[in-house]
There are 2 protein chains.
Amino acid sequence: MVVDRARRLDLVFHALAHPARRAMIRQLSMAGAGGERNLSELAAPLRMSFPAASKHVRVLEGARLVRRRIVGREHRCRLHAAPLRDATRWTEQFRRNWEARFRALDALLEEMQSGEANPHGHPRPQRR
Amino acid sequence: MVVDRARRLDLVFHALAHPARRAMIRQLSMAGAGGERNLSELAAPLRMSFPAASKHVRVLEGARLVRRRIVGREHRCRLHAAPLRDATRWTEQFRRNWEARFRALDALLEEMQSGEANPHGHPRPQRR
DNA sequence: GGTATATTAAACCAAATGGTTGTTGATCGA
DNA sequence: TCGATCAACAACCATTTGGTTTAATATACC
């Protein structure tokens, strides 16, 4: 099944949009690279039934944020960081662009204030 | 109404988890700092009814990613980057930690391979 | 005033989400 | 082999999400 970039981002952001799932990611992150937690360990701190926690893990798997390795009766989960990087890249792309333009506007205002003294009598554009 | 940090992140990530809303953010980002788009402009490229688009804008507002200024009959929207930064910070926090540990593991493996020649006969641990 | 434009509101709908309980199956340890 | 443990599965439920259509409201234009 082919899942395109956009759909992939949907899944990752959706996975991150629930505190229980973020808590799981946090816990797996603490485990370090190659570190693993089985489902019980992930579910334990979560104030919800085991099946509920299990479903959250599946959501994380669907977003490819977590991979599962079955060893005996335990399902060992580990974090997979790549989709997290994709998500970050997406947000950064627009955040940086946006903030860069804001800095450019700041610079322009600075220049207009100090260099010339508002020579054409235009009212200075205001932010906020 | 007080909305705590965790809940705020829920809202932001949820807002980012739909392609229509990401498209709106992209469009507003193109508009530059201080740039605005009214609802019709945001809705136009979206292959859905106007009311549907309007609801998406509300979701973005709820996440404080967009602010609305009503001018006459037009509702002018502008991007607000701060929550985007919060979201990025969250993901970066764990991604970096995780990748740093992975690099450390790589370095260790490197050292074991070149320095000693696998002296204890342990099978080399494999990643992937 | 009358008409077009921009947007909200209301009612409705299907599907997804997030949770529960109860049951089943596999595996580990004594 | 027996009991405890780890986890899936199924069925069910309430709420949210994402969409629609139709109607209402406020503003701009002629």
Side-chain angles (χ1 to χ4, degrees), chain A residues 1 3-4 6-25 27-28 31 35-78, chain B residues 1 3 6-28 31 35-78:
Chain A
M1 181 186 54
V3 179
D4 64 15
R7 175 66 182 151
R8 200 72 67 84
L9 272 183
D10 293 357
L11 294 175
V12 173
F13 282 127
H14 174 249
L16 296 178
H18 194 290
R21 292 189 293 257
R22 288 200 303 276
M24 286 176 170
I25 291 177
Q27 199 183 344
L28 287 171
E36 294 177 328
R37 295 280 187 267
N38 58 30
L39 288 199
S40 327
E41 289 170 330
L42 289 175
L46 284 189
R47 303 219 310 174
M48 67 178 66
S49 68
F50 184 87
S54 174
K55 287 184 187 179
H56 283 299
V57 173
R58 283 185 185 282
V59 172
L60 291 169
E61 278 187 287
R64 304 216 186 285
L65 281 162
V66 159
R67 281 168 61 182
R68 174 191 313 229
R69 192 168 63 98
I70 302 179
V71 174
R73 60 183 166 178
E74 295 185 353
H75 292 207
R76 303 239 175 92
C77 298
R78 69 169 60 187
Chain B
M1 181 183 56
V3 179
R7 175 66 182 149
R8 198 72 68 83
L9 272 184
D10 293 355
L11 294 174
V12 174
F13 282 126
H14 171 68
L16 296 178
H18 194 291
R21 292 189 292 258
R22 288 201 302 276
M24 287 177 169
I25 290 177
R26 202 177 304 125
Q27 199 181 345
L28 287 170
E36 293 176 328
R37 294 282 185 267
N38 58 29
L39 288 199
S40 327
E41 289 170 329
L42 289 175
L46 284 190
R47 303 219 310 173
M48 67 178 65
S49 68
F50 184 88
S54 175
K55 287 184 187 180
H56 283 298
V57 173
R58 283 184 186 282
V59 172
L60 290 170
E61 278 187 288
R64 304 218 186 285
L65 280 164
V66 159
R67 282 168 60 181
R68 174 191 310 230
R69 192 168 63 98
I70 301 179
V71 174
R73 61 183 165 176
E74 296 184 354
H75 292 206
R76 304 238 174 94
C77 298
R78 71 168 59 187

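Numbered from 1 within each chain, the chains take letters A, B, ... in sequence-line order. Quantities reported herein were computed from a predicted structural model and do not represent experimental measurements.
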Could you give the [atom1]-to-[atom2] distance, from [X] to [N], as a whole number of Å?
X: A:D10; N: C:dT17; atom1: CG; atom2: P; result: 11 Å
X: A:L46; N: C:dG19; atom1: CG; atom2: P; result: 9 Å
X: B:E36; N: C:dT7; atom1: CD; atom2: P; result: 12 Å
X: B:L39; N: D:dT25; atom1: CG; atom2: P; result: 19 Å
X: A:I70; N: D:dT5; atom1: CD1; atom2: C1'; result: 16 Å

Would one find a side-chain N or O of [X] under 4.0 angstrom from OP1 or OP2 of [N]?
X: A:H14; N: C:dA16; answer: no
X: B:H56; N: D:dT17; answer: no
X: B:S49; N: D:dT21; answer: no
X: B:R76; N: C:dA6; answer: no

Would you mind telling me which residue lines up with the more 5' stretch of DNA chain C, A:F50 or B:N38, judged by nearest nucleotide?
B:N38
Residue met sooner reading DNA chain C from 5', once A:A17 and B:E41 are mapped to nucleotides:
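In this pair, the answer is B:E41.
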A:H56 and side-chain hydrogen bond (donor to acceptor under 3.5 Å, both in side chains): which partner among A:R21, A:E61, A:R22?
A:R21
Output the single nucleotide from [options] whose closest atom is nearest the side chain of [X].
X: B:M48; options: D:dG19, C:dT21, D:dA7; value: D:dG19
X: B:K55; options: C:dA11, D:dA7, C:dT20; value: C:dA11
X: A:P51; options: C:dT8, C:dT21, D:dA7; value: C:dT21

Using a 4.0 Å heavy-atom cut-off, does [X] contact any base of the nucleic acid, only the sugar-phosphate backbone, or nothing at all?
X: A:R68; value: sugar-phosphate
X: A:R47; value: nothing
X: B:R21; value: sugar-phosphate

Under 3.5 Å, side chain of B:Q27 to main-chain N/O of B:E41, donor-acceptor pair present?
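Pair found, side chain donor or acceptor close to backbone of B:E41.
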Checking the side chain of B:R37 only, and the main-chain atoms of B:L42 only, is there a donor and an acceptor separated by less than 3.5 Å?
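It does not hold such a pair.
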Is there a side-chain contact between B:L16 and B:I25 (heavy atoms, below 4.5 Å)?
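Heavy-atom side-chain distance check passes, below 4.5 Å.
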Smallest separation among heavy atoms of B:F50 and B:A43, with atom names
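Shortest heavy-atom contact: CD1-CB, 3.9 Å.
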Presence of donor-acceptor pair under 3.5 Å, side chain of B:R73 and base of C:dT7:
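Looking at the base of C:dT7, it does not pair with any donor or acceptor on the side chain of B:R73 (distance under 3.5 Å).
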